[in-house]
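Data block below; observations after.
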Amino acid sequence: MITQISDSLYTHLIKTYDGNLPSAGLHSLDEIRTQAFERFKSMGFPTVKQEDWKYTNVQPLIGQRYSLDTEMPSGTPALDKALIPKLDAHRIVLVNGRYSSELSTDEEIPGLQIMPIEQAFDRLCFAKYFAAYADKTDNPFVALNTASFTSGLFIEVGKSRQLQKPIHIIHVAATDKPLFTQTRNLYVMGAFAEAEIIESFITEDGAEHNLNNQVSEIVLRENAKLQHYYLQVAGPQSNYLNHTEVHQEKHSLYNNYNCSFPGAAFVRNNINVQMGDSEVESHLYGIALTAGNQLVDNHTIVDHIKPHCESYEWYKNITQDTSTAVFNGKIFVRLDAQKTNAFQQNNNMLIGEKSAIYTKPQLEIFADDVKCSHGCTIGQFDNEALFYLRARGISEAQARVLLVHAFAFDVTSRFLNAAVREYVEHLVEEGL
């Protein structure tokens, strides 16, 4: 059922794409696009009446008119906001979702393929994995993205390749008019491959209001390992709807480190991990430090399908001013997923008296031989600890920073990349 047909973005999309979707020149992909657009039309945009969007109202965002033209802007955007001190990495830059060869490092690396996604349409692994998992969800933004994405990135790490340096992907929002972008990424890790991907989101100074709908599909073949970082440091003009769909095969390892800081007005992250085989391991860590009227919503799903798998999830939220943080974590343990070990924890600290946190950790267990736990806490500053620090000559502002650092340490200490860990700890201090 279409929930709203009067909002301007919906109307604009229907007028633009109904019967006129971007063509890839491949019958199979064009058919996938058409089916996805029909799903989007039947679902419409979500409302707060739907449980998964209860605390996250997208109507103010989609009720506006945007340009759908994602041509590269004139001028060269500054990348200083994405700089991570001490990080030596292969740099890939996407401006409004489009790959910029001029701003990216041009290196030939054996076993590594990086290209704009439109150049990967004829690759076998693209045909095999594109829309194979993400489009089985009921997220209308995924269906819309599949139907009408115009840009994105394809990365393939070959079998047994172990990258010596991380891949740093910088997403730049740079536009002189209100803009709606749809970026589609596909990352494929070959068997026994190992890599580290760091994604930074920034906004060009003076950019207009923008809404970014990004879908990333990640496939880990047997024994592959991927360390994956999201660093959200965009400006208040930017709003993000990010959907990450991960499919893991036997003996693979996927670690996600998801960090949001004061800036982007609206951030919704969906991270779904499908453990499609036995002996699979996945860790999800998150830090959200919010300020102003910002909203950061993290929804995660870890789906244990086969036996002998392990998942570990720990998210922490710190809210300031009148900001809002949402956490909804779901763990499914299917009937055949015996010997599952699953842990989920969400801890929250309210600093702003008018800030809000909504948390909902969930477990659905259908197997009987498992070890699973979940929980959440919500609190404020420990006034006794604050008094203790101030009594020893530490200013109140610095004492608060120390206490927040201590609160976040359980998560930040798990970051395997030392340069990223130091950078995140600095952003925590700066965000306070």
Side-chain angles (χ1 to χ4, degrees), residues 48 51-58 60 230-236 239-240 242 257-271 284-300 313-330 343-362 373-391 394-415 424-432:
V48 293
E51 185 64 26
D52 279 351
W53 299 87
K54 184 176 181 180
Y55 304 110
T56 306
N57 185 9
V58 300
Y230 281 139
L231 306 176
Q232 180 56 260
V233 290
N239 304 273
Y240 292 90
N242 293 329
Y257 311 86
N258 180 18
C259 304
S260 295
F261 298 97
F266 178 102
V267 179
R268 167 66 179 245
N269 292 313
N270 286 358
I271 301 176
L284 306 181
Y285 300 107
I287 289 285
L289 174 61
T290 60
N293 293 319
Q294 188 179 25
L295 182 144
V296 175
D297 179 355
N298 288 307
H299 269 59
T300 67
E313 182 174 8
W314 202 341
Y315 267 70
K316 294 203 173 188
N317 297 316
I318 305 137
T319 55
Q320 305 174 95
D321 306 320
T322 57
S323 62
T324 301
V326 181
F327 173 78
N328 188 331
K330 298 178 183 178
F343 170 86
Q344 182 190 85
Q345 183 70 24
N346 174 227
N347 303 111
N348 304 278
M349 178 185 289
L350 292 103
I351 297 178
E353 293 183 359
K354 295 183 179 180
S355 65
I357 292 175
Y358 302 95
T359 178
K360 188 179 180 182
Q362 296 175 269
S373 65
H374 70 154
C376 71
T377 62
I378 298 180
Q380 296 175 313
F381 271 122
D382 185 337
N383 289 326
E384 289 186 7
L386 190 63
F387 175 79
Y388 177 87
L389 292 172
R390 295 194 65 192
I394 299 174
S395 69
E396 181 175 354
Q398 189 59 32
R400 287 176 178 270
V401 169
L402 290 172
L403 290 175
V404 171
H405 267 304
F407 175 77
F409 179 78
D410 292 321
V411 171
T412 57
S413 63
R414 313 284 177 131
F415 289 29
V424 167
E425 290 173 349
H426 170 72
L427 290 177
V428 169
E429 182 174 345
E430 195 176 62
L432 293 168

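Source: prediction; values computed, not measured.
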Determine, stepwise, if the pair Ser260 / Tyr240 fulfils side chain to side chain contact (heavy atoms under 4.5 Å, CB included). CA-CA 11 Å; Ser260 295; Tyr240 292 90; over 6 Å; no

Evaluate the criterion side chain to side chain contact (heavy atoms under 4.5 Å, CB included) for residue pair Thr300 and Tyr315; output intermediate values, then yes/no. CA-CA 10 Å; Thr300 67; Tyr315 267 70; 3.9 Å; yes

How far does [atom1] of [X] sit from [atom2] of [Y], to the nearest 0.5 angstrom?
X      : Y      : atom1 : atom2 : value
Asn328 : Thr359 : CG    : OG1   : 8.0 Å
Asp297 : Phe327 : CG    : CZ    : 10.5 Å
Gln362 : His374 : CD    : NE2   : 9.0 Å
Tyr285 : Tyr257 : OH    : OH    : 6.5 Å
Asn242 : His299 : CG    : NE2   : 14.0 Å
Leu231 : Ile287 : CG    : CD1   : 12.0 Å

I need the minimum non-hydrogen distance between [X] and [Y], along with the two atoms involved.
X      : Y      : answer
Leu432 : Val401 : CD1-CA, 3.9 Å
Asn239 : Ala265 : OD1-CB, 3.6 Å
Pro361 : Gln344 : CB-OE1, 2.9 Å
Ala288 : Asn298 : CB-ND2, 4.4 Å

Criterion side chain to side chain contact (heavy atoms under 4.5 Å, CB included) against Ile318, the qualifying member of Val404, Thr290, Asn347, Ile357: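 One option only clears the test, and that one is Val404.
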
Using a 3.5 Å distance criterion without hydrogens, assess whether the side chain of Gln232 forms a donor-acceptor pair with backbone atoms of Ala264.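 No, because the side chain of Gln232 does not come within donor-acceptor range (under 3.5 Å) of the backbone of Ala264.
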
Between Gln294 (side chain only) and Ala291 (backbone N and O only), is there a donor and an acceptor less than 3.5 Å apart? yes

Identify whether the distance between the nearest side-chain nitrogen and carboxylate oxygen of Arg268 and Asp52 falls below 4.0 Å. no

Ignoring hydrogens and angles, write down the donor-acceptor pairs under 3.5 Å from the side chains of residues 348-355, residues two or more places apart or on other chains.
residue	atom	partner	partner atom	Å
Asn348	OD1	Asn317	ND2	2.8
Asn348	ND2	Asn346	OD1	3.0
Asn348	ND2	Thr377	O	3.0
Ser355	OG	Thr319	OG1	2.9
Ser355	OG	Gly352	O	2.7

Counterpart residues, salt bridge (Lys or Arg N to Asp or Glu O under 4.0 Å), relative to Glu51 (two or more places apart): Lys360

Begin from the C-alpha positions of Val424 and Phe261 and carry the test side chain to side chain contact (heavy atoms under 4.5 Å, CB included) through to its verdict. CA-CA 9 Å; Val424 167; Phe261 298 97; 3.8 Å; yes

Per the salt bridge (charged side-chain N to carboxylate O under 4.0 Å, His left out) rule, what does the pair list look like for residues 398-412, sequence neighbours excluded? Lys316-Asp410, Glu396-Arg400

Is there a side chain to side chain contact (heavy atoms under 4.5 Å, CB included) between Val58 and Phe266 once you walk through the steps? CA-CA 9 Å; Val58 300; Phe266 178 102; 3.9 Å; yes

Parallel under 30°, tilted from 30 to 60°, perpendicular over 60°: which one fits the rings of Tyr358 and Tyr55? parallel

